[in-house]
Amino acid sequence: MNEAKDDGHPESAGEQTLFMPPIRDVPPPEPVGEAVPALDEETPPAAEEELPPVVAEQLTAALDTLRGAVADLGFGLDLPGAKDARQARADLLAQLDDYVLPRVRTNAAPALIVIAGSTGAGKSTLVNSLAEKNVSRTGVRRPTTGVPVLACHPDDRAWFAGGELLGGLRRIDKPTPEDGLDSLVLVSTEKLPQGVALLDTPDIDSVVEEHHEVAHRMLDAADLWIFVTTAARYADAPAWKLLRLAKERGARLAIVLSRVQPKAREVVLKHFVRMLTEYGLGEADRFVVQEAQVSEGRLPDSEVTDLRLWLAELSVDEERRAQAVHETLRGVLDSFRTRVPDLARHLEDQVSFRAELRKDIEAAYLGALTEIDRATRDGSLVQGEVLARWQDFTASGDLTRALQPRRRGKAAKQGPERVQAFRTALRTGLESVITVAAGRAAEEVVGRWRQRAELGAKLGEGLERPSDEFVRRTSRAIVAWQEHLVELVRTEGVAKRAISKVVTFDADSLSLIFMIAMFGGGNTEGVPHRLVNALLGAESLRAIGAKALSDLRARIGVLFDEESLRYVQALDAAGIPDEAAAARLFQATYNLEVAR
């Protein structure tokens, strides 16, 4: 081929070339210019049968489940390998959507053959020559192919115009400057045999980063690969990177070695065959195209005769074509056995780190609960305003009036103002203790996250303080707890004792007295432990105290759980997976193996 050399030619400075293995004696190469069958022609394997409907349905269901599990994955933490994991996830989803699921549903569709290679290898020229029509742009400027081009027989056009293969790409007849990489040029020509289609892709080593992604997407959606390289560049690293990918995917592969000088033909081909053999690709179909004059973007017919015959054989031999398609599909499904576990390993790193962040949340709020437990037992609650209200309550005679001998079966009226002020002071004191503890917990969570990872500061933005609703929810919870305590005193205390027959009492006032006794820690002057003990009994006092404190702790725990959800939601929003995602992925992988 006489296409102009691009800047990536091996003679250019800085070209990365793969290490050449030492020459050893190898069997002589097959005849030059003839297709070398990948299988023994004398004993061809039996063609694989079409998937039975039930099998296809089960396999489709398993693949749909796997797709959902992969789609749910997130790698929000910038841990080592996370970028590769995101790309691997995107590649897996694209291949499932573009190729695997459509192929399982419609495995009788024409075979899609992708033409791939490095920049300037002559892919577009080869496509034009096989189609006998300029369907793909060629030229000196690199890259030439931007929007992928699919050429097929007119009778197959409907398959690719409305089919699911590469279903995410918009079909167009001719590319325009406005068309992006989400488009696919669809061209029909009677010079291509029915049953096979050629897909020209952007260069795998294009200077345009987006072209790499499109090229790999096309490769993942193909039934067969035709890899095009030149006599001068077949040992370059990008070429072998693509061949390695084909091997990993289990794709059916043919190789075109172009621009071969007649004098160097035997030497070049012998060395290339040796490299392919040592790499495990010695069985691939091979074609040689000599250096020739390119006219109007096409090669002389004599240089592509063998490749054209190879395509024609695929076209007329349905068993061979079906075998090649199923071989590639099976190879892709086999690749999931390593690709999905690789994703799972990255997933485990993310899940493990998420677990550490969750432990930070739990530790901070458990510490806050411990702080509140200590405050409810050491007497620190009965200080300041609470102590002043208690002293006012006792000095005013309200304490005495709260307990009086029964007179004509009626209770004496109590002064509600002091009782209400006393209740409010207790509620405010308890709210203050809870709010302060919650504030420290919020600061501790964010502080721990910052120390663990750079992303921690971003995850913790706006979470350094309790939520705006926390104070209101706390007040509501304490009011409900005080009402619950009144009910406990009424139903489990004095009302069940014989003394209630001769002494009347105000349950609201008595519950406040009980709170002072419970929170006083045994050290507060004037706390009526003996009074409450005499009324309720030591055993009853302990029982009510245990129930009241347990209920209070449970209510505070609910408040803290609601606060903790803010941090969990931050982890979810960042795309950090949890343990459930890992379980779904492993289960989906197992289901696929069962369905196969």
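Atoms considered below: every heavy atom in the structure, side chains included; atoms not considered: hydrogens, waters and symmetry mates.
- The side-chain heavy atoms of R286 and L276, taken from C-beta on, include a pair separated by under 4.5 Å.
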Item to complete: Mind running side-chain contact (heavy atoms from CB on, under 4.5 Å) on Q87 and D91 for me, showing each step along the way?
Response: CA-CA 6 Å; Q87 186 60 54; D91 292 343; 2.8 Å; yes
Worksheet item: So R308 and E132, salt bridge (charged side-chain N to carboxylate O under 4.0 Å, His left out) or not? Walk me through it.
Response: CA-CA 11 Å; R308 185 175 284 126; E132 296 186 36; 3.7 Å; yes
Item to complete: Any chance you could lay out the side-chain contact (heavy atoms from CB on, under 4.5 Å) test for L101 and T60, step after step, and finish with the verdict?
Response: CA-CA 7 Å; L101 283 166; T60 299; 4.2 Å; yes
Worksheet entry | salt bridge (charged side-chain N to carboxylate O under 4.0 Å, His left out) evaluation trace for D84 with R89 | CA-CA 9 Å; D84 293 338; R89 171 186 174 276; over 6 Å; no
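- Between the side chain of D223 and the main chain of L112, a donor-acceptor pair closer than 3.5 Å is present.
- Here the straight-line distance linking atom CZ of F160 with atom CG of L169 works out to 13.0 Å at 0.5 Å rounding.
- No donor-acceptor pair closer than 3.5 Å links the side chain of W449 to the backbone N or O of A457.
- Judged purely by atom type and a 3.5 angstrom limit, R259 has no side-chain atom pairing as donor or acceptor with the backbone of T229.
- With R233 contributing its side chain and A231 its backbone, the two residues share no donor-acceptor pair below 3.5 Å.
- Of the possible donor and acceptor atoms, none in the side chain of R330 sits under 3.5 Å from a partner among the backbone N and O of V325.
- The number of heavy-atom neighbours closer than 6.0 Å to OH of Y590, taken from other residues, nucleotides and ligands shown, is 12 or below.
- A donor-acceptor contact closer than 3.5 angstrom is absent between the side chains of R252 and T328.
- Between E593 and R337, the closest side-chain pair of non-hydrogen atoms falls below 4.5 Å.
- The two residues R298 and N128 have their closest heavy-atom pair at CD-O, 3.9 Å.
- Residues L343 and L73 are in side-chain contact: their nearest non-hydrogen atoms beyond the backbone lie under 4.5 Å apart.
- Checked by atom type and distance alone, the side chain of E303 pairs as donor or acceptor with a backbone atom of Q290 at under 3.5 Å.
- Counting all heavy atoms, side chain and backbone alike, I172 lies closest to S183 at CD1-CB, 3.9 Å.
- The backbone N or O of V340 lies less than 3.5 Å from no partner atom in the side chain of T589, so there is not a single donor-acceptor pair.
- L253 CG to E327 CD: the interatomic distance, rounded to the nearest 0.5 Å, is 11.0 Å.
- Around the CD atom of E190, the shell of radius 6.0 Å holds no more than 12 heavy atoms that belong to other residues, nucleotides or ligands.
- Aromatic ring pairs are classed by plane angle as parallel below 30°, tilted from 30° to 60° and perpendicular above 60°; the pair Y234 and F272 is tilted.
- Between atom CG of residue D72 and atom CG of residue L585 there is a gap of 10.0 Å, rounded to the nearest 0.5 Å.
- Residues L243 and F227 form a side-chain contact, since some pair of their non-hydrogen atoms from C-beta on lies under 4.5 Å apart.
- Under a 3.5 Å cut-off, the side chain of R103 and the backbone N or O of H326 do not form any donor-acceptor pair.
- A distance of 11.5 Å separates CG of L93 from CG of D220, quoted to the nearest 0.5 Å.
- Atoms CG and OG, from N134 and S124 in turn, are 10.0 Å apart once rounded to the nearest 0.5 Å.
- Pairing each heavy atom of V228 with each of K123, the nearest pair is CB-CG, 4.2 Å.
- Side-chain contact between V568 and R354 is present, with at least one heavy-atom pair separated by less than 4.5 Å.
- Between the side chain of D200 and the main chain of L150, no donor-acceptor pair closer than 3.5 Å is present.
- Residues S335 and R339 bring a donor and an acceptor atom of their side chains to less than 3.5 Å of each other.
- P102 and Y99 make their closest contact through CD-O, 3.3 Å (heavy atoms, listed as atom of the first residue, atom of the second, distance).
- The CD atom of Q194 lies 4.5 Å from the CG atom of D155; values are rounded to the nearest 0.5 Å.
- Between I115 and T201, every side-chain heavy-atom pair lies at or beyond the 4.5 Å cut-off.
- Considering every non-hydrogen atom in both Q95 and F336, the closest pair reads OE1-CE2, 4.3 Å.
- Taking every heavy atom of both residues into account, L329 and V104 meet most closely at CD2-CG2, 4.2 Å.
- Between the side chain of S315 and the main chain of L311, no donor-acceptor pair closer than 3.5 Å is present.
- A heavy-atom distance below 4.5 Å is not found between the side chains of T230 and L257.
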Fill in: From CA spacing to verdict: side-chain contact (heavy atoms from CB on, under 4.5 Å), M275, W240
CA-CA 10 Å; M275 294 183 72; W240 288 89; 3.6 Å; yes
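- Taking the side chain as every heavy atom from C-beta outward, L63 and L592 approach each other to under 4.5 Å.
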Worksheet item: Going through the distances and angles, do D97 and R67 end up as a side-chain contact (heavy atoms from CB on, under 4.5 Å)?
Response: CA-CA 9 Å; D97 291 339; R67 191 205 177 283; 2.6 Å; yes
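- Residues T65 and N591 have side chains that never bring a donor and an acceptor to within less than 3.5 angstrom of each other.
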